[in-house]
Amino acid sequence: MTVSDPVVENAVATVSRTATEIRQGLVGRRGTVDEENPTGDTQVEADVWADDLLADRLSSIDGVGQYASEERPEPMDCGGDPATESDTYAIAVDPLDGSSNLRSNNSMGTIFGIYDARVPARGETIVAAGYVLYGPITTMVVATDETVTEYELTGGERTVVRRDVTLPDDPVVYGFGGRVPDWPDEFREYARTIEDELKLRYSGAMIGDVNQVLTYGGIFGYPGLESRPEGKLRLQFEGNPIGYVVEQAGGRSSNGETSLLSVDPDELHERTPLHVGSAALIDRLESTLG
Ligand code: AHG
Ligand code: MN
Ligand code: MN
């Protein structure tokens with residue numbers, strides 16, 4: 001990976017080191033706490049703990065002006081203004097994606113987006129983004145404006161395992177969130193055609209499913225629902241960073257109408273319908289929904 005900016009390089013290295021600590025600390029932190037996060041999800045101990053750890057480590061980096069997280073109501077100001085100072089950035093994280101999978105011991109992730117703007121901001125202001133996948137082994141995918149790289153993480157070390165990651169040409173897997181009766185008719189119609197073509201992979205952690213899409217090609221979607229038209233996933237912490245990764249890998253992201261990265265946010269914790277994957281599949285989805 002080439003990251004020319006030292007602040008960005010430092011932030012990426014810090015996330016990768018902290019991820020190793022997060023993974024080691026999951027044991028004993030599977031229970032829920034008596035709190036909800038700003039979007040109303042029940043927090044587990046590990047959500048709060050991973051957020052505190054990332055806040056502590058990332059906010060102490062020179063050039064990180066804001067730390068924002070799915071688990072805290074407001075961004076933390078930590079020196080410098082990403083809007084006016086060059087080489088000062090905001091970092092938005094989903095400390096543990098799919099944390100309800102802790103109970104059943106399935107995959108989870110950590111997502112981060114580095115914005116050259118105060119958050120909430122458009123995804124187009126992202127300069128680097130990525131995620132850690134806590135699977136049987138811990139891997140990390142980092143996207144910059146130049147390339148997408150996959151690493152393995154062991155004992156704080158980051159080893160490249162795949163350079164210039166791109167989505168395979170022939171899509172293989174799909175995963176869609178939400179209950180089928182709660183899907184709008186147009187989305188159900190689209191899903192019906194996809195079921196005939198691809199294999200189902202749904203893990204309960206977006207990162208687990210997105211990493212399948214990046215490996216095998218295909219589509220992951222969490223649509224707007226009849227009961228919740230705004231969808232479930234959060235634009236700043238999940239949609240924009242993952243949209244950036246998939247677009248840099250040659251795929252597309254969409255809220256059903258347009259790239260996630262071009263959406264103007266109204267507030268930090270806003271949700272969005274989210275679709276990422278092979279460009280032709282996202283094009284088809286937009287024509288069916290449109
Ligand atoms: P988080 O644990 O950060 O709140 O994210 C959970 C998300 C996402 O990872 C996943 O795709 C989706 O919620 C799963 O939702 P369902 O349980 O509705 O399938
Ligand atoms: Mn999440
Ligand atoms: Mn989370």
Side-chain angles (χ1 to χ4, degrees), residues 15 18-19 22-23 25-26 29-33 35-55 67-73 91-113 129-135 141 173-183 187 191 200-214 218-243 245-246 253 255 260 268-277:
V15 171
T18 310
I22 290 174
R23 169 142 214 162
L26 294 174
R29 291 194 171 89
R30 297 168 77 182
T32 54
V33 291
E35 297 285 339
E36 286 185 351
N37 74 9
T39 25
D41 301 332
T42 303
Q43 292 176 310
V44 298
E45 283 173 77
D47 285 319
V48 178
W49 178 74
D51 175 46
D52 284 343
L53 212 53
L54 287 162
Y67 170 84
S69 151
E70 191 181 276
E71 305 302 337
R72 54 183 70 214
I91 300 195
V93 307
D94 178 355
L96 272 184
D97 174 62
S99 56
S100 67
N101 277 359
L102 259 179
R103 189 168 164 204
S104 56
N105 188 26
N106 289 102
S107 304
M108 292 183 304
T110 292
I111 309 172
F112 67 95
Y131 61 84
V132 175
L133 171 61
Y134 307 102
V141 169
V173 298
Y174 77 96
F176 297 137
R179 290 180 315 116
V180 179
D182 209 4
W183 287 348
F187 186 78
L200 173 63
R201 290 286 185 273
Y202 193 76
S203 71
M206 175 179 68
I207 285 310
D209 301 320
V210 165
N211 202 61
Q212 296 246 17
V213 168
L214 218 54
I219 181 168
F220 170 80
Y222 204 113
L225 305 175
E226 295 288 359
S227 64
R228 193 195 258 171
E230 70 277 24
K232 177 177 187 190
L233 299 171
R234 283 132 299 211
L235 182 64
Q236 299 295 305
F237 310 108
E238 295 165 317
N240 281 339
I242 292 313
V245 170
V246 174
S253 79
N255 64 359
L260 290 169
L268 185 66
H269 292 276
E270 82 183 46
R271 300 178 193 267
T272 180
L274 181 154
H275 309 277
V276 291

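Numbering of ligands and ligand atoms starts at 1, following listing order.
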Exercise. Would you say L233 touches ligand 1, if touching means a heavy atom closer than 4.0 Å?
Worked result: yes
Problem set entry | Heavy-atom gap R234 to ligand 1 smaller than 4.0 Å | yes
What atoms in ligand 1 come closer than 4.0 Å to a heavy atom of [X]?
{"X": "L96", "answer": "2 (O), 3 (O)"}
{"X": "F220", "answer": "11 (O)"}
{"X": "D41", "answer": "4 (O)"}
{"X": "E238", "answer": "3 (O), 5 (O)"}
{"X": "Y202", "answer": "11 (O), 14 (C), 15 (O), 16 (P), 19 (O)"}
{"X": "D94", "answer": "3 (O)"}
{"X": "M206", "answer": "8 (C), 9 (O), 10 (C), 11 (O)"}

Separation between [atom1] of [X] and [atom2] of [Y], rounded to the nearest 0.5 Å:
{"X": "F176", "Y": "Y222", "atom1": "CZ", "atom2": "OH", "answer": "13.0 Å"}
{"X": "I242", "Y": "L260", "atom1": "CD1", "atom2": "CG", "answer": "10.5 Å"}
{"X": "Q43", "Y": "E71", "atom1": "CD", "atom2": "CD", "answer": "4.5 Å"}

Exercise. Hey, what's the ring geometry for F220 with Y202, parallel, tilted or perpendicular (30° and 60° as the breaks)?
Worked result: parallel
For this session: Can you label the angle between the W183 ring and the F187 ring as parallel, tilted or perpendicular, going by 30° and 60°?
Result: perpendicular
Problem set entry | N, O or S atom of E71 closer to the Mn ion (ligand 3) than 2.8 Å | no
For this session: Answer yes or no as to whether an N/O/S atom of F237 is found below 2.8 Å from the Mn ion (ligand 3).
Result: no
Exercise. Can you list the steps and then say if S227 with D182 is a side-chain contact (heavy atoms from CB on, under 4.5 Å)?
Worked result: CA-CA 7 Å; S227 64; D182 209 4; 2.6 Å; yes
Problem set entry | Metal site the Mn ion (ligand 2): N/O/S of D97 inside 2.8 Å | yes
Problem set entry | Centroid separation F237 to H269 less than 6.0 Å | yes
Exercise. Between the side chain of T32 and the main-chain N/O of V44, is any donor-acceptor distance below 3.5 Å?
Worked result: no
For this session: For L214 and V245, run side-chain contact (heavy atoms from CB on, under 4.5 Å): C-alpha distance rounded to whole Å, both residues' side-chain angles, the deciding distance at 0.1 Å, then the answer.
Result: CA-CA 9 Å; L214 218 54; V245 170; 4.2 Å; yes
Exercise. With respect to the Mn ion (ligand 3), what is the nearest N, O or S atom of E70?
Worked result: OE2
Exercise. The Mn ion (ligand 3) is nearest to which N, O or S atom of D94?
Worked result: OD1
Problem set entry | Option set G177, G204, G98, criterion heavy-atom distance to atom 10 (C) of ligand 1, minimum | G204
Exercise. Can you check whether S100 has an N/O within less than 3.5 Å of an N/O in ligand 1?
Worked result: no
Problem set entry | S99 N/O under 3.5 Å from ligand 1 N/O | yes
So which protein heavy atom does [atom] come closest to, and at what separation?
{"atom": "atom 17 (O) of ligand 1", "result": "K232 NZ, 3.8 Å"}
{"atom": "atom 5 (O) of ligand 1", "result": "D97 OD1, 3.2 Å"}
{"atom": "atom 18 (O) of ligand 1", "result": "Y222 OH, 2.8 Å"}

Problem set entry | Side-chain heavy-atom pair T39, R271 within 4.5 angstrom cut-off | yes
Problem set entry | Residues, nucleotides or ligands: over 12 heavy atoms within 6.0 Å of R103 CZ | no
Exercise. Between D51 and Y67, is a side chain to side chain donor-acceptor pair (under 3.5 Å) present by the stated rule, with each step listed?
Worked result: CA-CA 10 Å; D51 175 46; Y67 170 84; 2.7 Å; yes
Exercise. Any salt bridge between D94 and R234, counting N to O under 4.0 Å?
Worked result: no
Exercise. With the Mn ion (ligand 2) as the point of reference, which N/O/S atom of E238 is the closest?
Worked result: OE2
